[in-house]
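As structure tokens, the structure follows; a few thoughts come after it.
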Amino acid sequence: MPYVRDSFWRGRVWTSEDDMQAAAIVWCREVAGRRQHRSLDGAAPAIVFTAVEADALRALPVARFELARWSTPKVGPDCHIKVAKALYSVPWRLIGRTVDAREGDRMVEVFVDGDLVKTHRRVERGRQTDYSDYPPEKVAFFMRTPAWCRRRALELGPHVTELIGLLLEINALHRLRSAQGVIGLADRHGVERLDAACRRAIEVDDPSYRTVKGILVAGTEHADRPAVVAPTAPAHLHGQAALFAVIDTDEAAG
């Protein structure tokens with residue numbers, strides 16, 4: 001550094017960066033490269049480079065060298081870390097741990113104890129989420145999309161289909177959990193009872209998960225249908241027509 005400072009920099013003035021770089025190339029070739037170097041037993045650096053070092057050089061990388069920024073974010077309860085102004089998911093087993101994040105121009109890489117555990121495309125803002133990073137029970141939620149709910153409802157009955165359609169008609173993503181909950185009730189209460197409960201919920205104008213579940217728990221999915229019960233009172237207490245109907249039946253049997 002002292003040699004470069006005294007031989008190249010001192011007393012020189014450049015008008016631009018390009019001018020300085022061009023002058024540096026000329027200086028390396030005609031001044032520094034030709035001098036007798038004590039560490040090389042008096043040989044010129046340019047001659048040693050041509051004779052020994054040039055053939056040992058490797059080709060330049062195809063990709064441009066990338067300046068990266070490192071940080072040590074902590075994995076939040078939602079399986080995401082914050083790098084710059086964006087959030088990136090990592091495997092759920094790392095929740096609560098501090099990781100090493102490398103932010104390049106195009107990619108964000110996450111390391112734990114020196115091992116690469118996650119790679120994302122870099123974004124300026126927002127979220128980059130890989131649903132496979134979530135616990136299995138959370139993955140099921142994200143895989144059961146509104147389209148899946150509608151297909152499954154068709155398998156469970158016409159009233160389930162109608163109720164799911166009403167739930168997902170507006171703000172489908174907001175009501176997705178309710179639709180999933182209704183479909184899940186078939187596992188506990190059976191398909192026939194669920195379809196009847198959905199019919200009952202639609203009739204009372206409250207097609208919601210809470211109402212369907214309440215109907216099933218109370219066992220009132222058929223409460224609106226009249227029960228067929230045999231008369232227990234004597235025939236003469238039901239009027240003249242019923243009395244003579246019983247008499248005619250007895251005579252016919254005799």
Side-chain angles (χ1 to χ4, degrees), residues 73 75-96 106-110 117-228:
V75 183
D78 62 349
C79 302
H80 285 72
I81 59 172
K82 185 175 183 180
V83 178
K85 297 181 180 180
L87 298 174
Y88 301 89
S89 68
V90 298
W92 65 272
R93 295 179 181 84
L94 300 176
I95 290 176
R106 299 177 299 277
M107 305 296 294
V108 170
E109 298 171 309
V110 184
V117 296
K118 198 68 187 180
T119 301
H120 283 284
R121 181 177 61 85
R122 178 179 174 272
V123 294
E124 290 292 335
R125 296 178 181 273
R127 282 176 174 254
Q128 286 286 77
T129 301
D130 180 354
Y131 291 136
S132 65
D133 288 331
Y134 285 97
E137 62 272 16
K138 295 295 184 182
V139 174
F141 168 78
F142 289 110
M143 294 302 291
R144 294 178 178 180
T145 62
W148 179 90
C149 290
R150 291 188 176 96
R151 289 196 302 270
R152 178 60 178 147
L154 288 172
E155 301 171 356
L156 298 177
H159 300 106
V160 179
T161 301
E162 182 180 357
L163 187 138
I164 293 298
L166 292 172
L167 274 177
L168 300 179
E169 186 176 9
I170 301 175
N171 294 329
L173 292 179
H174 179 70
R175 296 181 174 181
L176 178 58
R177 189 176 295 276
S178 295
Q180 293 171 343
V182 170
I183 291 174
L185 292 173
D187 298 333
R188 178 177 299 180
H189 301 282
V191 174
E192 293 183 1
R193 289 193 62 199
L194 175 60
D195 195 55
C198 288
R199 176 188 58 81
R200 182 67 174 146
I202 294 171
E203 289 176 350
V204 299
D205 197 24
D206 189 11
S208 65
Y209 167 75
R210 183 175 61 180
T211 298
V212 175
K213 180 180 179 181
I215 292 172
L216 289 169
V217 171
T220 57
E221 62 269 21
H222 298 297
D224 60 324
R225 295 186 176 181
V228 178

May I ask you to decide if [Y]'s main-chain N or O and [X]'s side chain share a donor-acceptor pair within less than 3.5 Å?
| X | Y | result |
| --- | --- | --- |
| Arg193 | Leu216 | yes |
| Tyr88 | Arg122 | no |
| Arg152 | Gly184 | no |
| Thr161 | Ala153 | yes |
| Ser89 | Asp130 | yes |
| Asp195 | Val160 | yes |

**Asked** Do the side chains of Val117 and Val90 get nearer than 4.5 Å, heavy atoms only?
**Response**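 No, every pair of side-chain atoms sits at 4.5 Å or beyond.
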Minimum heavy-atom separation for [X] to [Y], with atom names?
| X | Y | result |
| --- | --- | --- |
| Cys79 | Tyr134 | SG-CD2, 4.2 Å |
| Thr211 | Ala201 | CG2-CB, 4.0 Å |
| Ile164 | Ala179 | CD1-O, 3.7 Å |
| Ile95 | Pro77 | CD1-O, 3.7 Å |

Measure the spacing between [atom1] of [X] and [atom2] of [Y] and express it to the nearest 0.5 Å.
| X | Y | atom1 | atom2 | result |
| --- | --- | --- | --- | --- |
| Met107 | His120 | CE | NE2 | 9.0 Å |
| Arg127 | Leu87 | CZ | CG | 5.0 Å |
| Ile170 | Leu167 | CD1 | CG | 11.0 Å |
| Leu156 | Leu163 | CG | CG | 11.5 Å |
| Arg150 | Thr145 | CZ | OG1 | 9.0 Å |
| Cys149 | Leu176 | SG | CG | 5.0 Å |

Notebook entry, point to check: Checking side-chain contact (heavy atoms from CB on, under 4.5 Å) for the pair Leu194/His189: CA distance, chi angles, key distance, verdict?
Noted result: CA-CA 7 Å; Leu194 175 60; His189 301 282; 5.7 Å; no
- request: Mind jotting down which residue pairs meet the salt bridge (charged side-chain N to carboxylate O under 4.0 Å, His left out) criterion with at least one end in residues 79-94? Sequence neighbours excluded, please.
  value: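 Of all non-adjacent pairs touching residues 79-94, none passes salt bridge (charged side-chain N to carboxylate O under 4.0 Å, His left out).
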Over 12 foreign heavy atoms within 6.0 Å of NZ, Lys213: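 No, not enclosed.
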| said: Can you confirm whether Asp205 is buried at CG, in the sense that more than 12 heavy atoms of other residues, nucleotides or ligands lie under 6.0 Å from that atom? | reply: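 Not more than 12 within 6.0 Å, no.
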Practice task
Check step by step if side-chain contact (heavy atoms from CB on, under 4.5 Å) holds for Leu185 and Tyr209.
Solution key: CA-CA 9 Å; Leu185 292 173; Tyr209 167 75; 3.9 Å; yes
- request: Please assess Glu203 against Arg199 for the test side-chain contact (heavy atoms from CB on, under 4.5 Å), listing each intermediate value before the final yes or no.
  value: CA-CA 6 Å; Glu203 289 176 350; Arg199 176 188 58 81; 2.9 Å; yes
Q | Trace of the side-chain contact (heavy atoms from CB on, under 4.5 Å) decision for Thr220 with Arg200 | A | CA-CA 9 Å; Thr220 57; Arg200 182 67 174 146; 5.7 Å; no
